[in-house]
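See below for the structure under consideration.
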2 protein chains.
Amino acid sequence: MSDVTTKVSRLDKKEQTHRHLIDVALKLSSERSFASLSLREVAAGAGITAAGFYRHFHDMEELGLALVDEVGLSLRRLLREARKRVSPGPDAIKSSIESFLEFIRENGNLFRLLLGERQGASAVFRKAIHSEMDRFIGELAIDLERLQQSTGKPLRDPHLAAEAIVAVVFTVGAEALDLPRHKHVGLAHRLSEEIKMILRGSLQK
Amino acid sequence: MSDVTTKVSRLDKKEQTHRHLIDVALKLSSERSFASLSLREVAAGAGITAAGFYRHFHDMEELGLALVDEVGLSLRRLLREARKRVSPGPDAIKSSIESFLEFIRENGNLFRLLLGERQGASAVFRKAIHSEMDRFIGELAIDLERLQQSTGKPLRDPHLAAEAIVAVVFTVGAEALDLPRHKHVGLAHRLSEEIKMILRGSLQK
DNA sequence: ACTTTCAGTATACATATGTTAACTGAAATT
DNA sequence: AATTTCAGTTAACATATGTATACTGAAAGT
């Protein structure tokens, strides 16, 4: 196993370049809009010729949808991570924000794609991303509902609150992408205040 | 003045095609991302040749910045309109939302550009749009402060509330772009609830 | 051992792109 | 009336693009 020339089956090899294509497209689309990427440059980036591209995707749009899937996966991963380290208590918000910012730092490219293509080129993209976000909002709403039960303070409309929170969180996330890490502390504070504001306002009086 | 062949000076003519270029770019960039537009097709759309384009803009990026200016102008126009028809009272929110949705309907292309390019291609764009939005948030914060004075209910942090409100409003606005007009009523309701939630939560207890 | 499969190449194509240089003709200036 | 200015054209260029066709060679199947 510790051989230098590890053997690869043909399928492994294909899967490998497949990933390579996705990764290259991801990297490039974080610098320019996905719509402006050319099939040839993505192929070249992955070390194959243009014609070879067709062995993997029929289209640039098909590649794009693969990227959107990737986005969905990572959003679910984000939720899972956030839930795992939530210490039930008043720090839940703070810890969730920390998870989110860390996610942004590690998956910056994916997040950029999500934001950029949420409304962009094709309606297909928009719809796909939209449904990923709806799922995300729905999951968050469930969490809020659980939170409300454990604290005994019921919310008027968890789903509405979740929508507002996601809007705020993603807006701040977009800003974080353009800022050096040391400024994320300030963002986190601001975000925390805004979320608390929303939750306060959604408490049943 | 009611002549059919109204005379146009050379400068008038130039200004005319200048606008034409901007309008065409606006229209095209609402269907695809601005970064994917080509100089030639914009020129063709405006009825001139590619070489003629250079009499107006040195670059596609320069055209892009003109579009961003346009966005800024229309945001200020939106605020002015909204303020004009705000009936001081509890309907302030509802009437503002109406203004906003109407703005979206009439300036859909500009709004699409704003959203799409907020994070997209060049950092230049992002920065320009960002500063336009900051101005907008600042103005809204002032309005909220006025509102708080007239109602006697002070807000903790008007600027923070303004940020959250804009995040929510623009998110819903993005959805409105993809929905037929008759569904805007539902969006307006949802938006109204979310804004009230934020304002409630930002009241000093 | 042979044959088949197929990821990737080589090559060629028509078309679109940004940019340049030399021009045209009508409006503006003198 | 003669001259200048300049928005827009024509033409040409080097380069990038998507796509099709025939190919190569090594892995997989027989």
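Keep in mind that what you see is a predicted model, and the values were worked out from it rather than measured. The chains referred to below are lettered A, B, ... by the order of the sequence lines, with proteins before strands, and numbering in each begins at 1.
When rounded to the nearest whole Å, the span between CG of B/Leu21 and C1' of D/dA7 equals 12 Å. One interatomic measurement links the two molecules: NE2 of B/His58 to P of C/dG18, which rounds to 14 Å at whole-angstrom precision. Whole-Å rounding puts the A/Arg32 CZ to D/dA16 C1' distance at 12 Å. Here the P atom of nucleotide D/dG18 and the CE atom of A/Met60 are 7 Å apart, to the nearest Å. Distance, B/His20 NE2 to D/dA7 C1': 16 Å, rounded to whole Å. Regarding B/Glu41, its CD atom lies at a distance of 10 Å from the C1' atom of C/dA16, rounded to whole Å. Distance OH (A/Tyr54) to P (C/dC6): 20 Å, rounded to an integer number of Å.
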With the criterion being N/O to N/O and under 3.5 Å, what pairs connect the protein with nucleotides 8-12 of chain C, and how long is each?
unit_1: C/dG8; atom_1: OP1; unit_2: A/Thr17; atom_2: OG1; d: 3.1
unit_1: C/dG8; atom_1: OP2; unit_2: A/Thr17; atom_2: OG1; d: 3.3
unit_1: C/dG8; atom_1: OP2; unit_2: A/His56; atom_2: NE2; d: 2.5
unit_1: C/dG8; atom_1: N7; unit_2: A/Arg55; atom_2: NE; d: 3.0
unit_1: C/dG8; atom_1: O6; unit_2: A/Arg55; atom_2: NH2; d: 2.7
unit_1: C/dT9; atom_1: OP2; unit_2: A/Thr49; atom_2: N; d: 2.7
unit_1: C/dT9; atom_1: OP2; unit_2: A/Thr49; atom_2: OG1; d: 2.9

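Below 30°, between 30° and 60°, or above 60°: for B/Phe111 and B/Phe100 the angle between ring planes is above 60°, a perpendicular geometry.
Residues forming a side chain to side chain contact (heavy atoms under 4.5 Å, CB included) with A/Asp178 (at least two apart in sequence, or on another chain): A/Arg112, B/Arg126.
The only member of A/Arg76, A/Arg80, A/Arg83 that meets side-chain hydrogen bond (donor to acceptor under 3.5 Å, both in side chains) when paired with A/Glu139 is A/Arg83.
Nearest heavy atoms, A/Leu37 versus A/Glu41: CA-OE2, 3.3 Å.
When each of B/Leu11 and B/Leu39 is assigned the nucleotide of DNA chain C bearing its nearest heavy atom, the one mapping closer to the 5' terminus is B/Leu39.
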